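Report on the following structure.
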2 protein chains.
Amino acid sequence: MKDQKLNPAVSGLTLTEQMQRGQVFAERCPSRQVLNHVTSRWGVLVLIALLEGTYRFSELRRKITGVSERMLAQTLQSLEADGFVLRTAYPVVPPHVEYSLTPMGEEVAVRVRELADWVEINLHRVLEVQAAQEVSA
Amino acid sequence: MKDQKLNPAVSGLTLTEQMQRGQVFAERCPSRQVLNHVTSRWGVLVLIALLEGTYRFSELRRKITGVSERMLAQTLQSLEADGFVLRTAYPVVPPHVEYSLTPMGEEVAVRVRELADWVEINLHRVLEVQAAQEVSA
DNA sequence: ATTCAAACTTACCTTTTTGTACGTACTTAC
DNA sequence: GTAAGTACGTACAAAAAGGTAAGTTTGAAT
């Protein structure tokens with residue numbers, strides 16, 4: 001009931017949400033780990049890529065410039081373990097494996113993409129700040 | 001005009017945004033670095049914390065359980081360099097320094113918090129998936 | 001006189017993450 | 001018959017991130 005004491009941007013959360021909120025600040029909360037998976041260097045890019053549709057392993061590798069096979073495999077596995085990515089393997093030779101988002105994966109990916117979009121769109125503002133600080137430094 | 005070919009979640013972007021989109025997939029794009037700053041282990045937590053208001057260094061340290069002084073200082077510096085965090089030092093002894101979000105910082109932080117909120121609120125779903133996979137593994 | 005507190009910085013060391021290179025199994029292309 | 005493509009696993013090495021502990025500065029409290 002003392003919601004108004006908080007920053008206005010914080011209001012709009014239900015009581016349940018309020019109670020859940022703040023757990024990330026706790027050291028041992030598993031939410032930190034899940035968050036680390038989706039915000040990991042390659043996790044972010046994989047999620048955004050898969051929002052566009054289904055991709056094969058090597059297609060993803062070509063799309064996400066700079067990932068090693070090892071890292072891509074590892075990232076996909078952790079996202080699969082969290083239930084964000086669906087792996088479909090067709091038992092043919094050469095192997096054919098498709099990756100897509102689960103419904104839950106889409107939900108996170110949308111948020112991740114919004115963040116990435118903001119960064120891309122506002123990148124020039126950040127670069128301006130950085131440039132301005134170099135001068136005054 | 002062929003927006004409909006894309007995943008519906010992707011539409012709603014302007015042409016300019018469409019053109020900017022995809023730069024993150026390029027290896028050397030600076031947006032990747034900025035993204036790494038805000039999605040870094042401690043960066044996420046600092047941004048969310050500062051959405052609640054202004055904090056002093058040691059207050060942040062107590063709030064974000066598990067950060068070392070070294071990491072907190074480093075994180076704050078990179079966020080300041082990107083123009084997301086405003087550092088205000090009062091020349092008194094002992095030192096008094098306040099950290100808050102710049103307008104630009106609030107914009108990112110809101111997105112970061114939405115992502116973190118989703119994770120916290122849906123954590124149980126993730127844990128259920130993880131538990132189910134352990135059985136079948 | 002000694003301790004404490006703030007907000008760091010620095011040196012040193014450990015842990016985690018990431019990359020490189022190679023191996024695998026099988027088939028198609030040259 | 002040799003190379004290439006597919007989707008990885010694995011060993012080793014380098015790089016990056018992170019932690020620990022100590023030092024700094026100055027005034028106020030004990």
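Numbered from 1 within each chain, the chains take letters A, B, ... in sequence-line order. All values below come from the heavy atoms of this structure, side chains included, with hydrogens, waters and symmetry mates left out. Just so we're clear, the structure is a prediction, and the values are computed from it rather than from any experiment.
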Salt bridge (charged side-chain N to carboxylate O under 4.0 Å, His left out) assessment of A:R111 paired with A:E106: CA-CA 9 Å; A:R111 268 105 184 156; A:E106 279 193 40; over 6 Å; no
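- Annotation: of the two residues near DNA chain D, B:R41 and A:S58, the 5′-most nearest-nucleotide partner is A:S58.
- Between A:Y90 and A:H96, the ring-plane angle classifies as perpendicular under the 30° and 60° cut-offs.
- The nearest whole Å value for the distance from the CD atom in B:E27 to the P atom in C:dT18 is 14 Å.
- What separates CH2 of A:W42 from P of D:dA16 is a distance of 13 Å, to the nearest Å.
- Rounded to an integer number of Å, the gap from A:E59 CD to D:dG5 P is 14 Å.
- Atoms CD1 (A:I64) and P (D:dA7) sit 14 Å apart, rounded to a whole Å.
- Side-chain N or O atoms of B:T65 include one that pairs as donor or acceptor with a backbone N or O of A:F25 at under 3.5 Å.
- Remark: B:E52 engages B:K63 in a salt bridge, criterion side-chain N to carboxylate O under 4.0 Å.
- Listed by first and then second residue, the side-chain hydrogen bond (donor to acceptor under 3.5 Å, both in side chains) pairs involving residues 35-49 of chain A are A:H37-A:D82 (not counting sequence neighbours).
- Residues A:E120 and B:L35 are not in side-chain contact: their nearest non-hydrogen atoms beyond the backbone lie 4.5 Å or more apart.
- The side chain of B:Y55 contributes no N or O atom lying less than 4.0 Å from OP1 or OP2 of C:dA7.
- Listed nucleotides: C:dA6, D:dA7, D:dT6. Nearest to the side chain of B:R56: C:dA6.
- Computed from coordinates, the A:N36 CG to C:dT18 C1' distance equals 16 Å when rounded to whole Å.
- For the segment residues 66-97 of chain B, the set of residues with a heavy atom within less than 4.0 Å of an atom of DNA chain D comprises B:G66, B:S68, B:R70, B:M71, B:V93, in numerical order.
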